[in-house]
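In this text, all values refer to a predicted model and were calculated from it rather than measured experimentally. Below, all heavy atoms of this structure are taken into account, side chains as well, without hydrogens, waters or symmetry copies.
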Amino acid sequence: IGSGDVLTVQVIPQAEYSATDILVRSDGMATFPGIGEVNVAGKTVSMIMEEVRAGLSEYIVDPQISVNVISPRSVTIY
């Protein structure tokens with residue numbers, strides 16, 4: 001995951017923590033509902049899911065998290 005990627009997060013059973021169109025900014029940070037800023041640059045989707053799960057576990061018992069890349073950043077190859 002890197003700058004310019006757009007993510008979506010789905011949290012079951014608490015839909016208010018779900019979000020679409022989460023932009024990974026140039027500093028590698030992304031803002032997730034309920035937990036705020038998370039550094040996602042260079043991490044896999046599985047790693048991000050675990051971080052979101054850990055952040056939400058203080059509010060939700062055993063949250064089911066799904067994170068997906070809905071729009072990957074464009075890469076220029078020369």
Side-chain angles (χ1 to χ4, degrees):
I1 304 296
S3 174
D5 286 340
V6 179
L7 309 175
T8 183
V9 63
Q10 183 178 18
V11 180
I12 299 171
Q14 304 297 108
E16 65 267 16
Y17 294 108
S18 298
T20 57
D21 299 327
I22 299 170
L23 177 66
V24 179
R25 298 186 309 269
S26 60
D27 62 357
M29 302 296 282
T31 304
F32 290 88
I35 60 173
E37 301 291 311
V38 176
N39 186 354
V40 297
K43 296 181 180 175
T44 65
V45 170
S46 297
M47 293 167 75
I48 297 167
M49 284 176 23
E50 286 305 314
E51 285 195 43
V52 172
R53 182 176 288 114
L56 290 176
S57 65
E58 62 186 82
Y59 309 111
I60 306 169
V61 176
D62 193 32
Q64 301 300 308
I65 311 293
S66 173
V67 175
N68 294 296
V69 179
I70 58 172
S71 179
R73 67 186 178 275
S74 61
V75 177
T76 304
I77 300 173
Y78 294 96

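For the atom pair OG1 (Thr44) and CD (Glu50), the distance works out to 9.5 Å, reported to the nearest 0.5 Å. Interatomic distance, CG of Asn68 versus CD1 of Ile48, reported as 10.5 Å (0.5 Å rounding). The line from CZ of Arg53 to CD1 of Ile35 is 11.5 Å long, rounded to the nearest 0.5 Å.
Contact of the Ile22 side chain with the Ile70 side chain is not registered, since no non-hydrogen atoms from C-beta on lie closer than 4.5 Å. Side-chain contact between Phe32 and Leu7 is present, with at least one heavy-atom pair separated by less than 4.5 Å.
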Got a list of side-chain donor-acceptor pairs under 3.5 Å for residues 8-16, not counting sequence neighbours?
| unit_1 | atom_1 | unit_2 | atom_2 | d |
| --- | --- | --- | --- | --- |
| Thr8 | OG1 | Ala19 | O | 3.0 |
| Gln14 | NE2 | Glu16 | OE2 | 2.9 |

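Taking both residues in full, the closest heavy atoms of Leu56 and Pro63 are given as CB-CG, 4.5 Å, listed atom of the first, atom of the second, then distance.
In the hydrophobic clustering of ILVMFWY residues, with side-chain heavy atoms under 4.5 Å counting as a link, Val67 and Ile60 come out together. By the criterion of side-chain heavy atoms lying less than 4.5 angstrom apart, applied directly or through intervening Ile, Leu, Val, Met, Phe, Trp or Tyr residues, Met47 is not grouped with Ile65; the two fall into different hydrophobic clusters. By the criterion of side-chain heavy atoms lying less than 4.5 angstrom apart, applied directly or through intervening Ile, Leu, Val, Met, Phe, Trp or Tyr residues, Met29 is not grouped with Val69; the two fall into different hydrophobic clusters. Follow the hydrophobic side-chain contacts under 4.5 Å out from Leu23 and you never reach Val38; the two are in separate clusters.
Contacts classified as salt bridge (Lys or Arg N to Asp or Glu O under 4.0 Å) and involving residues 36-49 (residues at least two apart or in different chains) are given here: Arg25-Glu37, Lys43-Glu51.
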